[in-house]
Amino acid sequence: MTAVAAVRSLIAYIAILAYIAVAAPLALLIGVVFKWKGGMFALGHAGAALALALAGIRYRVSGREHIPGTAVVFCANHESNVDPPVLFEALHRRLHVLYKAELHKFPIMGTVFDVGGFIAIERNDREQAMQSVAKGAESLRAGNSFLIFPEGTRSRTGDLLPFKKGGFIMAIDGQAPVVPVAISGGRAAMRKGSPIVRPVQVSVRIGKPIPTAGLTLADRDALIGKVRAEVQTLLAEGSLWI
């Protein structure tokens, strides 16, 4: 089974690299020259769907009815490298992401992220991080929804790590509701130190939005506590594949 997974992973990696080599310049052309963000997101979703299919990653979603028609901040736990593409596909057709600045170094992709409206946050530079948060709040007020991983890194055990404050400051400043999201099942896809991606069944549970209207920065810790408790409750509901 490991040999099969290794061959499948190799095929997936080659196919995705080839897709990026073609789609990324096309996305830049569409976004910069024609100002067509919808086309950029369509290419992004095609790439994410291709990657998940080739790697054998399947997912089920519950709670989509909780997503309002306005801009929101989706707040998800993070346990696997497969979480971002699954949530990108599962949550919203034009999902923006608040992502760690280290990912910006990848050739072409960082530029595509910028043009697409994704926002890099520098975790080791508070002043720059707050500038990114302010930029995200402005984008929220313009009607764009965001995904945040407030743990800041993957949980190695599946237990929730402490939540960082930046994304919640962004939600309060943008006066956008926070939607708790629990994702599980992906941790078995990649073992520590191994590039092999194994087929898994992922569950995505979406909770009810938690409003931020009228909140100030003084309320951020209470908001964090409430959202974290909701994510924990959703995780405790278990797999959607049973």
[X] [atom1] to [Y] [atom2] distance, which is reported to the nearest 0.5 Å:
X: Phe168; Y: Ile210; atom1: CZ; atom2: CD1; result: 8.5 Å
X: Asn124; Y: Lys100; atom1: CG; atom2: NZ; result: 11.5 Å
X: Ile183; Y: Leu91; atom1: CD1; atom2: CG; result: 8.0 Å
X: Gln232; Y: Glu237; atom1: CD; atom2: CD; result: 11.5 Å
X: Leu28; Y: Asp114; atom1: CG; atom2: CG; result: 9.5 Å
X: Arg94; Y: Asn144; atom1: CZ; atom2: CG; result: 8.5 Å

Within a strict 4.5 Å, meaning less than it, do heavy atoms of the [X] and [Y] side chains meet?
X: Tyr59; Y: Gln201; value: no
X: Val73; Y: Val179; value: no
X: Val181; Y: Leu234; value: no
X: His78; Y: Pro84; value: yes
X: Ile57; Y: Val197; value: yes
X: Glu122; Y: Ser132; value: no
X: Arg220; Y: Leu215; value: no
X: His96; Y: Leu147; value: no

May I ask you to decide if [Y]'s main-chain N or O and [X]'s side chain share a donor-acceptor pair within less than 3.5 Å?
X: Arg198; Y: Ala188; answer: no
X: Asp173; Y: Met170; answer: no
X: Glu89; Y: Leu52; answer: no
X: Arg205; Y: Gly238; answer: yes
X: Ser139; Y: Lys135; answer: no
X: Asp219; Y: Thr216; answer: yes
X: Thr212; Y: Ala176; answer: yes
X: Asp83; Y: Gly186; answer: no
X: Ser9; Y: Ala5; answer: yes
X: Arg60; Y: Leu240; answer: yes

[X] to [Y] - nearest heavy-atom pair and separation:
X: Gly136; Y: Phe146; value: O-CE1, 3.9 Å
X: Leu54; Y: Ala12; value: CB-CB, 3.8 Å
X: Cys75; Y: Val178; value: CB-CG1, 3.8 Å
X: Leu95; Y: Phe41; value: O-CE2, 3.3 Å
X: Thr70; Y: Ser145; value: O-OG, 3.9 Å
X: Gly110; Y: Tyr99; value: O-OH, 4.3 Å

Linking I/L/V/M/F/W/Y whenever any side-chain heavy atoms sit under 4.5 Å apart, do [X] and [Y] land together?
X: Ile11; Y: Val200; answer: no
X: Val61; Y: Trp241; answer: no
X: Met109; Y: Met40; answer: yes
X: Leu26; Y: Ile20; answer: yes
X: Phe88; Y: Val86; answer: yes

Inspect the surroundings of [atom1] in [X] and state if more than 12 heavy atoms from other residues, nucleotides or ligands are less than 6.0 Å away.
X: Arg191; atom1: CZ; answer: no
X: Glu127; atom1: CD; answer: no
X: Glu138; atom1: CD; answer: no

Quick note, salt bridge (Lys or Arg N to Asp or Glu O under 4.0 Å) partners involving residues 26-42, not counting sequence neighbours, are none
If you apply the rule side-chain contact (heavy atoms from CB on, under 4.5 Å), what do you find for Ile196 with Met190, and how did you get there?
CA-CA 6 Å; Ile196 297 175; Met190 297 183 73; over 6 Å; no
Yes or no on side-chain contact (heavy atoms from CB on, under 4.5 Å) for Leu50 and Tyr19, after CA distance, side-chain angles and deciding distance?
CA-CA 9 Å; Leu50 175 65; Tyr19 183 86; 4.2 Å; yes
Apply side-chain contact (heavy atoms from CB on, under 4.5 Å) to residues Val82 and Arg187 and explain how you reach the verdict.
CA-CA 8 Å; Val82 306; Arg187 194 153 54 93; over 6 Å; no
Check the pair Asn81 / Arg154 against side chain to side chain donor-acceptor pair (under 3.5 Å), numbers first and verdict last.
CA-CA 8 Å; Asn81 284 332; Arg154 297 188 304 277; 2.9 Å; yes
Using the side chain to side chain contact (heavy atoms under 4.5 Å, CB included) rule, pick out the option among Leu161, Leu87, Leu98 that qualifies with Phe149.
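That would be Leu87.
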